[in-house]
Number of protein chains: 2
Amino acid sequence: MSHDIDDIETFDGTIHFHRPLRKRESLVRQGDPFTSIFMVRSGSLKQVIAEEGDTQLANFYLPGELVGLDGIHDSVYPGSLIALETSTVCEFPFHRLDALTVNDAKLRHYLYGRISKELRSEHRLLRLLLGKTSDARLAFFLCHLSERFHRLGFSAHRFRLPMTRTDIAHYLGLAVETISRAVSRFQRKGMISLIGREVHMLDMPALVALATGTREIPPAGHRVHVSR
Amino acid sequence: MSHDIDDIETFDGTIHFHRPLRKRESLVRQGDPFTSIFMVRSGSLKQVIAEEGDTQLANFYLPGELVGLDGIHDSVYPGSLIALETSTVCEFPFHRLDALTVNDAKLRHYLYGRISKELRSEHRLLRLLLGKTSDARLAFFLCHLSERFHRLGFSAHRFRLPMTRTDIAHYLGLAVETISRAVSRFQRKGMISLIGREVHMLDMPALVALATGTREIPPAGHRVHVSR
DNA sequence: CGGTATTTTGAAAGCTCTCAAGGGCCGTGG
DNA sequence: CCACGGCCCTTGAGAGCTTTCAAAATACCG
């Protein structure tokens with residue numbers, strides 16, 4: 001979610017540029033051997049994971065975001081990466097990155113940190129969704145997108161959804177109809193305007209409040225530190 | 001979820017052993033500066049994340065499992081780690097591990113892989129839960145626990161739950177009552193026996209089937225590979 | 001311009017939550 | 001050792017939310 005394109009472009013000779021992907025074209029397919037990490041340069045991708053019985057929309061990727069970190073551990077991409085629109089990416093062969101980390105503590109920490117960050121933010125996001133109502137999930141989703149667009153230098157209040165309502169529904173673990181109804185509800189309340197895929201975030205505070213609202217508050221345990 | 005205790009104990013001088021933690025005692029508190037990764041040696045821990053408005057039960061850790069990987073990226077533990085019972089852990093100061101990776105490609109890859117694996121399996125788990133009914137969530141939870149105990153050399157069919165129903169509920173994003181009712185339903189159907197915290201998995205195939213059952217099946221995109 | 005995919009809306013069924021109450025278990029203190 | 005209090009677990013009933021099924025309106029692509 002940060003803009004490290006410039007940082008990484010300094011690693012001379014480790015980058016490959018792809019020809020543009022057309023809409024619906026796939027960058028990698030689930031099960032392909034892991035070779036590289038990618039960074040979205042323009043457009044957007046979705047990660048789709050098919051597992052016995054069901055297919056999951058695991059993630060959306062916008063420009064500047066790293067894709068493929070979850071393929072490191074067993075050398076296989078766990079899901080297909082599909083372009084939501086005409087998109088371009090650049091590729092970092094992992095063995096090159098790895099070689100560079102030997103003598104570069106800064107890069108090594110950057111890589112660790114980046115993976116760890118992904119781990120945590122994904123976890124947090126899914127945890128947040130788990131206990132929430134459909135309205136809260138959608139509000140959270142929109143705010144999250146808004147934030148990401150904003151960090152790219154675009155407006156946080158007006159942007160275009162790269163994905164279909166169906167994609168959003170699967171991503172949030174809801175039915176398409178539920179998304180549609182929530183959208184209508186939000187518009188009726190004047191919180192957003194959504195014509196086609198053009199979003200206007202009209203009442204950000206209300207959306208944030210909705211996104212934050214939860215259902216329950218469990219207790220915590222004691223707090224005694226262990227001696228070292 | 002693997003047994004790397006022996007592997008890691010070969011890294012002489014980088015391990016510290018803690019005195020046992022009593023039930024409800026905390027190993028680290030949310031916001032503490034990140035210094036180390038831990039491995040559970042005996043007992044079990046839960047990770048609790050308090051965020052504006054709500055508290056989440058983010059994870060359970062059994063013996064052999066690594067704890068604290070999610071603290072790497074911004075040098076802070078994102079949640080409190082609390083013992084569910086009398087427990088022992090060993091500690092790996094991160095800067096020591098990091099220093100070791102400089103000249104040890106095997107360890108470096110192990111660390112990368114371990115973090116990446118965590119990233120993926122957590123993601124997969126939460127994704128699975130998102131679109132599922134309460135029965136499916138509980139069945140999945142029990143099967144997951146069973147698997148983990150089995151890998152530790154214990155029976156996959158009989159084990160003791162280290163956590164309360166309330167903990168399970170918060171972990172799965174459900175109400176306690178929903179868990180309780182699901183348990184009763186499972187027992188009525190002869191799928192499990194659960195007296196106090198003693199679990200008997202009576203009909204594993206049925207539980208697995210339940211855990212796998214989902215609600216929807218989204219479509220996938222095209223499959224055209226990009227030239228390199 | 002036609003065909004297909006996407007989106008919206010309605011109505012009924014199903015699932016989960018909330019609120020309430022009763023019983024059981026455990027650890028502590030007397 | 002027993003009694004007490006607090007936490008944990010279970011169950012019932014009604015309300016609220018989400019899904020499913022069906023159908024119509026709209027947008028997009030070639």
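Atom set for the values below is all heavy atoms of this structure, side chains included, hydrogens, waters and symmetry mates excluded. Labels below follow one simple rule: chain letters A, B, ... track the order of the sequence lines, proteins then strands, and each chain is numbered from 1.
At dT7(C), one or more side-chain N or O atoms of Arg165(A) fall inside 4.0 Å of OP1 or OP2 (strictly under the cut-off). Contact annotation: Lys23(B) does not reach the phosphate of dG27(C) (side-chain N/O to OP1 or OP2, under 4.0 Å). For dT18(D), neither phosphate oxygen OP1 nor OP2 lies less than 4.0 angstrom from any side-chain nitrogen or oxygen of Thr178(A). Between Ser184(A) and dT8(C) there is no side-chain polar atom (N or O) within less than 4.0 angstrom of OP1 or OP2.
Rounded to whole Å, the distance from CG on Leu161(B) to C1' on dC9(D) is 13 Å. For the pair Glu85(A) CD and dA5(C) C1', the interatomic distance rounds to 18 Å; values are reported in whole Å. With rounding to whole Å, Asp54(A) atom CG is found 15 Å from dT19(D) atom P. Distance Phe186(B) CZ to dT10(D) C1': 16 Å, rounded to the nearest Å. The CG-P distance, from Asp167(B) to dC8(D), rounds to 8 Å in whole Å. We find that CZ of Arg181(A) is positioned 12 Å from C1' of dT7(C), with the value rounded to whole Å. To the nearest angstrom, P of dC17(D) lies 17 Å from CG of Leu174(B).
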**Message:** Between Ser146(B) and Met204(B), is the side chain to side chain contact (heavy atoms under 4.5 Å, CB included) condition met? List the steps.
**Reply:** CA-CA 10 Å; Ser146(B) 159; Met204(B) 208 65 125; 3.2 Å; yes
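Residue Arg160(A) has its side chain nearest to dC28(D) when only dC28(D), dT6(C), dT18(C) are considered. Side-chain proximity of Thr133(A) to the nucleotides dG12(D), dT19(D), dT18(D) is greatest for dT18(D).
Using a 4.0 Å heavy-atom criterion, one finds that Arg197(A) contacts the sugar-phosphate atoms exclusively. As judged by a 4.0 angstrom heavy-atom cut-off over every strand, Ser180(B) is placed among the base-contacting residues.
Residues Leu172(B) and Ile179(B) meet the side-chain proximity criterion, which asks for heavy atoms closer than 4.5 Å.
Phe149(B) and Phe154(B) have perpendicular rings, their planes meeting at more than 60° on a 0 to 90° scale where under 30° would count as parallel.
The number of heavy-atom neighbours closer than 6.0 Å to CZ of Arg158(B), taken from other residues, nucleotides and ligands shown, is 12 or below.
Remark: Arg181(A) does not engage Glu177(A) in a salt bridge, criterion side-chain N to carboxylate O under 4.0 Å.
Where Glu177(B) and Arg185(B) each meet DNA chain C at their nearest nucleotide, the meeting point lying more 5' is that of Arg185(B). Take the nearest nucleotide of DNA chain D for Val183(B) and for Asp135(A): the residue whose nucleotide is more 5' is Val183(B).
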